Amino acid sequence: PASAAPILEPLSGARIYLFPADPHVAELARFVAGPQSHAGRLLPGNAGELSPPQLARFRPGLGATFRWQGQGRDTVYVKIQKGADAAQAVNALQTLRAAAAGHHFAVPDATGFDPGINAYAMREVRGEIYRDTLAQAAPAEVAARTRHLLSALEEFHACGVKPEQRLSS
């Protein structure tokens, strides 16, 4: 892990922190320093060898998402977010997943949360990118695929789950 001391940029005087040393999200460094110690809460029932988590997305000052995979196991994503309530995020995912059952959109299955580092984990969900689906469609199929997408979006917006408040765009 990187040093927690910032590098000072000489021209602007800006402080630059090297990942995972983020003074606004100290939980990142704790997770990176010992991910196996958090596996029991984030991946209950998944004893065994896990690959080192890979950074999937980092938003300085806001949080990060890690891709984590065990041998012969599904890929999970671990999210650590500044100011987020990990237990509430898991409850929202479970509520949305139940509302989505049998409909046109997939919601990841939350596998657990660790309040000590404000993290939650969810299984990877595979899907199709609409742009790619349309590019492969015959002209006669475009309208049907668009109706399918609009139906799924209508169900998603009508499911009654309050969206997560974003800290930035």
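As the structure is a computational prediction, the values presented were derived from the model and not from experiment. Computed over heavy atoms, backbone and side chain alike; hydrogens, waters and symmetry mates excluded.
- A donor-acceptor pair is defined here as one N or O able to donate and one able to accept, closer than 3.5 Å; such a pair exists between the side chain of Asn118 and the backbone of Ala84.
- Under the 3.5 Å distance criterion, the side-chain polar atoms of Thr75 are left unmatched by any main-chain donor or acceptor of Gln69.
- Arg15 and Leu8 make their closest contact through CG-CD2, 3.4 Å (heavy atoms, listed as atom of the first residue, atom of the second, distance).
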Could you walk me through whether Leu93 and Val107 pass side-chain contact (heavy atoms from CB on, under 4.5 Å), step by step? CA-CA 7 Å; Leu93 273 174; Val107 176; 3.9 Å; yes
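- Looking at every heavy atom in both residues, Arg67 comes nearest to Ala56 through N-CB, 4.3 Å.
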Evaluate side-chain contact (heavy atoms from CB on, under 4.5 Å) for Met122 paired with Lys79, printing each intermediate quantity in order. CA-CA 8 Å; Met122 59 192 146; Lys79 292 187 71 90; 3.2 Å; yes
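- Shortest non-hydrogen contact noted between Trp68 and Ser51 is NE1-O, 2.7 Å.
- In this structure, Leu42 and Ala119 approach most closely via the heavy-atom pair CD2-O, 3.7 Å.
- For the atom pair NE2 (His38) and CG (Leu43), the distance works out to 11.5 Å, reported to the nearest 0.5 Å.
- Remark: Thr65 OG1 to Gln81 CD distance equals 7.0 Å, nearest 0.5 Å.
- Contact between Ala121 and Val78 at its shortest, heavy atoms only, is CB-CG2, 4.1 Å.
- Classification of the Phe66-Phe31 ring pair by plane angle, with boundaries at 30° and 60°, yields tilted.
- Judged by distance alone, the side chain of Arg30 and the main-chain N or O of Gly116 form a donor-acceptor pair under 3.5 Å.
- The OH atom of Tyr120 lies 11.0 Å from the OG1 atom of Thr111; values are rounded to the nearest 0.5 Å.
- To the nearest 0.5 Å, atoms CG (Asp114) and CZ (Arg41) are separated by 4.5 Å.
- Nearest heavy-atom pair, Leu28 versus Pro20, reported as atom, atom and distance to 0.1 Å: CB-O, 3.9 Å.
- When hydrophobic clusters are built by joining Ile, Leu, Val, Met, Phe, Trp and Tyr residues whose side-chain heavy atoms come closer than 4.5 Å, directly or via intermediates, Val76 is grouped together with Leu55.
- Linking Ile, Leu, Val, Met, Phe, Trp and Tyr residues whenever their side-chain heavy atoms come within less than 4.5 Å leaves Val90 and Val125 in two separate clusters.
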